[in-house]
Every structure is written in C-alpha cells, then in structure tokens.
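Residue numbers start from 1 in every chain, and the chains themselves are labelled A, B, ... in the order their sequence lines are given, proteins ahead of strands.
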Protein chains: 2
Amino acid sequence: METRELRYFVAVAEELHFGRAARRLGIAQPPLSRAIQQLERRLGAELLERTSRSVTLTEPGAVLLREARAALDAVEAAERRTRRAAMPNQALVLVAKAGAAGELLAKLLDAYAAEPGAVEVDVQLCGIAEQERMLRDGRADVALLHRPFDSTVGLDTEELSTEGQIVVLPAGHPLTGSPGVRRADIAALPGLPLPRWPTADGTYPDGPGPEVRDHAQLMQLIALSRTVAIVPESARTQLRGDVVAVPLLDAPLVTTVIAWPPHSRSRALAGLVRAATRL
Amino acid sequence: METRELRYFVAVAEELHFGRAARRLGIAQPPLSRAIQQLERRLGAELLERTSRSVTLTEPGAVLLREARAALDAVEAAERRTRRAAMPNQALVLVAKAGAAGELLAKLLDAYAAEPGAVEVDVQLCGIAEQERMLRDGRADVALLHRPFDSTVGLDTEELSTEGQIVVLPAGHPLTGSPGVRRADIAALPGLPLPRWPTADGTYPDGPGPEVRDHAQLMQLIALSRTVAIVPESARTQLRGDVVAVPLLDAPLVTTVIAWPPHSRSRALAGLVRAATRL
DNA sequence: ACCGCCGATACCCGCGGGGTATTGCTGCCC
DNA sequence: GGGCAGCAATACCCCGCGGGTATCGGCGGT
C-alpha cells in the first residue's frame, strides 16, 4: 500500500463524499473513485458502502481509517524528524498546555539548561488534545501531559509530580473561603455548570456548560459567573484577581508526566528527561 | 513520501550497497540510485555517504532508517488489520514465548472462553524478541510479555502477575537442594556460564556462555552441564527430570503483562484483557 | 415525470518509474 | 604504475499508470 492510497482513503472516509474528498485532495473525482476501488480489490475488503445518495464506512473501512491515520502520522513523523536531524542547530520541541504546568515547566527548563551539553528548548504552547498528535507526527519531541486527562497510550512517560485539585469560582461566590468542597457540591451549583472541552476530533460533547478551548477563555467565563472549573493546585498562583479558589476534597489526583514518542530517545531528549526526573 | 521510497531507503540503508539492495527489491540498480537521490533532494538532507567503494549512513540517514521502519510497520499493520477485519471469523491472535507463561496462558484461555461473546483465540508461540514486532506490524493482536526482559515501549499493558525466579541446574549439581542462592553465586559457578540470547537484530552478544534460541534447547544444554539458567518460578512445573531448580534469593521480580498495540481495542480484545485482569 | 446530484465508466494523455547501456571513479593486485 | 574489477552515477528509452474530461446510470426530491 502506498501512502497516496491511504491519504485518498482517509479523505473519502472523513468526507463520506467522493466529490468533496477529491476537491480536498486537489484531484478530480473519477481517479479517486478508481483508486478506492483498486484499494478495495487489493485488500479483498469492501471499505465503503455507496449508494448514489450516500457513502458510509463498513466495519473494515473503520478499521482502515484508524490504522491509516496512525500510519500516515508515522510517515509524516519520519519525514519531519529526518529534516530536523539534518538541520544544524537542533532544538528540542517541548509542547505543553497553555496555562498549565507553568511553574514545573520553568523549573524543568532551568534544570536542563544547567546541564552540560543542553540544547535549546523550543516551548510550544498548544490547546488541549493537540499535544498527542504533535508528538505522534513529529512536530514535537516531548510533552508535559496530565493524567488522567490526557491519554498516554503509545507514549513513553516518566511521572514528575502528583497534586490535588482546586475549584475556581467567581470572586464573591458564597463558597469563597470555604475550607473545602466535594464534587457533588460543585455539580449541584445553581447556574454554574462545568464547561465543555473539545474532544480529540474537535467537536464538543453535549451538555449545559459553555464551550471553552483555552485557559484564558475559561478564566474569563468564570469571572463572568458563567461556569466554574476544577484545576490542579499548582494553577493557583496564576489565578486572576477576579476569581477565587477553594480546595476540592474528593478530586482525583492529577499526575504531571513528561512523555515522548517511543524509540525516539536522542541524546538531547534523554538529557531533558533525566533533568525532569531529578526535579 | 511514498512507502515505496521508504522501502527503497531501508533496503539500501540495511545493505549499505546499492547493487545488493536493488537485487533484494527486485529492481535494477540505476532507478534505485535515482530514487534515493530524489528522496535526499526532497528531504533536503544527505542520507548516505557514498564513495565508489563504500556506502555509510549519515546521522539524518540513521534517523530516517529508524523512523522508516516504524512507518512501514504501521502501514503493514493497517493492511493486515483491514484484511483481518474483512474476514468472517475473526480469531484473536495471541503471541507468547514458547515455554513461558504456560500455566497462566492456560488459565487465561479458559477464563476468556467462558465469557459470553468470546471469539476463537489463535495462540502463536514464537521466539524471544519477535513478539513486539508481531504486535507492531499487525500479525498479532495481543501478547504475553515479561518485564523487565521485554520492552513494552509503545504498547498498552496490564499487569497480570509478579513472581520471583529460580535457578535451573543440571541434576546432581552440588547446589541441588540448597535453600537458596544469590546472583553472585551463579555468576561464579565454575564451567557453567549463563547462556546468551539473541538480541532484537538476531545477533548474539559476546560472552563465554552458549548461544540459545529457545527453551527446549536451553534445557538440553543445562542437562548436559553446559550452562545454567535463571527462569521465573512458574516454569518449575515444566522442568524435565534431568534438571533441578533452587530458589534465587536476590533475583529481580518478573512481571507478566498482557500487551496490545495502542488504539486497537476491538471488542474481542477488550474482552480478553478483561478476562486477564480478573484472573 | 423530470431534474439534479453523485458515483461509476469510457477514453485519452503525459509523466515518471523502471529498464539497458555506458561512464567515471577508486582501491587493489600483479 | 598500469590495468582491472567493482560500484555508483549518468544517459537515454519506453510503457504503465495516475490523472484529466466527457458521459452514463441510478436514485431522491419536488
């Protein structure tokens, strides 16, 4: 199988429409139809169910969609990493969630910079759920993730720290100064539903809370009394003046881990991981 | 990048000889030379250092070799898994080391078979260090691995059991019946060096011990007083009459884990993992 | 019943991947 | 030191295949 075929199939499987997929790929529709037919013949599997009005995935098609995405990511990663290896000054790309792990990240960068042979570290702050993809397709070398929120499937990790969580409320909320609340109390707060974060595919789950996509937006919405949030304790130092925090007693512990793609331990990456585990 | 280019590069990088690589690929040498040049141009990286007498990998070339193998495995896995998904009766392929994990495996198969909706399980016994590759390229769905011997990088795992280890000696050896020995005692045994197992690339490390590649061969060599072995306790029940075992007091604990490729939890696999964790 | 949408088919073209023949370089051996 | 052998690169040709346009066939909606 050639990557071209995989790209074609992924386009059709995502669009579920040959015409749109062809436009997205920058080719005409007929060659795309043929390519998919050829792929189906070679695999001996019907990948798509077509009527003249709709295209749907069969079960083998769903399997291939998942696998093809992973394979294309691996190919893309090979390309990117080779390009990077050929560059003269090879910075490590570290990706972290904007607004999270701030203090730990600063300490890590300091500790690593003090090591002999440390290379430049290029810190990329990105949205939720984008980190895993960046690691997988070679755009990033290493990430700071938070268990149990982020999936670490298929990545190598080292645990860095574990902490409790706090509830962030609008300033002046009745619970301000409370010695501690429970999850059930938060869920029952009148008019303050928990926010909805985008899932891996970029869509939002259903629910009453507002849709948020980054930390600043979340804080703004809290200050406006539109929502509340449960965040790791370490985020307390970064809170704005118009929100307050109270401890959450029965929150699951949050573990910050440093994660990197398997089989990719360059010297520089190994040094960074070593510095991280010594914090 | 197309998989064809990756296959070509891997062949040349492994053979370090354009002629042999071309023969292995079933094409002539000139198109292969051109394809590699084209790849180098597109990546903007010199991958191979050629003189008229030798070909060597550059550092970006070494990166690409590693990444290309992973990418090709992913593509191959996509193909195999799609084919399998299209077959009517989809057995789960479980791979275990021949001669290891025997009892646990039997219990696991029984427990899973008793579950509702259980599918057939195709047990493949293979040599050391081949299991990971079979999982990665889609020939197997799930494996029983032994930490810390097997690498579980890039795989999802669940721990099943932890046990100590024992030393297997020729029958009649002076240590027979000893209440327990230490690693230092074993290393110092006159004329009984520890065996050498093949590494991931199929070669053997240097050392005094005999080369072994499977369990039966190892037992035979022990019975012949050519070597000794350190194996998990559970292997005791499978020992032949002409060898004896004594406990090893300071051995690292061996953990048997069930492992599967990330993002590949079919219903059947999930059932098997569930049955395993309930053992 | 007709129109419009969409995937499949028919047919054509040009590029690029693959082949053979040859060159050019270099280490080795007599 | 000159000739030879081995190997990658170059030159040149060809055909298969990937891609394009035109068209068909089937089906749903109005």
* Structure fact -> Of dA8(D), dG7(C), dG19(D), the nucleotide closest to the side chain of Phe18(A) is dG7(C)
* Just how far, in rounded Å, is C1' of dC5(C) from CD of Gln29(A)? -> 11 Å
* Asked: Under 3.5 Å, side chain of Glu211(A) to main-chain N/O of Arg196(A), donor-acceptor pair present?
  -> no
* Structure fact -> Correct closest heavy-atom pair for Pro193(B) and Pro210(B) would be O-CD, 4.2 Å
* Asked: In whole angstroms, how far is the C1' atom of dG17(C) from the CZ atom of Arg7(B)?
  -> 14 Å
* Which heavy-atom pair separates Leu218(B) from Thr227(B) by the least distance, and what is that distance? -> CD1-CG2, 4.1 Å
* Structure fact -> Here the distance between atom P of dA8(D) and atom CD of Glu49(B), to the nearest Å, is 14 Å
* **Val55(A) side chain, from C-beta outward: closest of dG19(D), dG7(C), dT21(D)** => dG7(C)
* To do: Indicate the atoms forming the closest heavy-atom contact of Ala140(A) with Arg81(A), along with that distance.
  => O-NH2, 4.4 Å
* Taking the side chain of Arg34(B) as its heavy atoms from C-beta onward, which of dG19(D), dG17(C), dA8(D) lies nearest to it? -> dG17(C)
* Is the shortest distance from a Lys or Arg side-chain nitrogen in Arg7(B) or Glu2(A) to a carboxylate oxygen in the other one below 4.0 Å? -> yes
* Interatomic distance where CZ belongs to Arg4(A) and C1' belongs to dG19(D) [whole Å] -> 10 Å
* Establish, with yes or no, whether the OP1 or OP2 oxygen of dA8(D) is under 4.0 angstrom from a side-chain nitrogen or oxygen of Ser33(B). => no
* Structure fact -> The residue, Ala35(A) or Thr51(A), whose nearest nucleotide of DNA chain D is more 5′ is Ala35(A)
* Expressed in angstrom and rounded to an integer, what is the separation of Met1(A) atom CE from dG18(D) atom P? -> 15 Å
* To do: Among the candidates dA8(C), dG20(D), dA9(D), find the nucleotide nearest to the side-chain atoms of Pro31(A).
  => dG20(D)
* Asked: In whole angstroms, how far is the P atom of dG7(C) from the CG atom of Leu48(A)?
  -> 10 Å
* Rounded off to whole Å, could you give me the CD1-to-P distance for the Ile27(B) and dG16(C) pair? => 17 Å
* In whole Å, what is the span from the CD atom of Gln38(A) to the P atom of dC17(D)? -> 8 Å
* Asked: Can you tell which of dT20(C), dG17(C), dA22(D) lies closest to the side chain of Pro30(A)?
  -> dA22(D)
* If you look at every strand shown and take non-hydrogen atoms under 4.0 Å, does Glu2(A) touch a base, only sugar-phosphate, or nothing? -> nothing
* Choosing from dT20(C), dG7(C), dT21(D), which nucleotide comes nearest the side chain of Ala28(A)? -> dT21(D)
* Looking across every strand, which nucleic acid part, if any, lies under 4.0 Å from Gln37(A) by heavy atom: base, sugar-phosphate, or nothing? -> sugar-phosphate
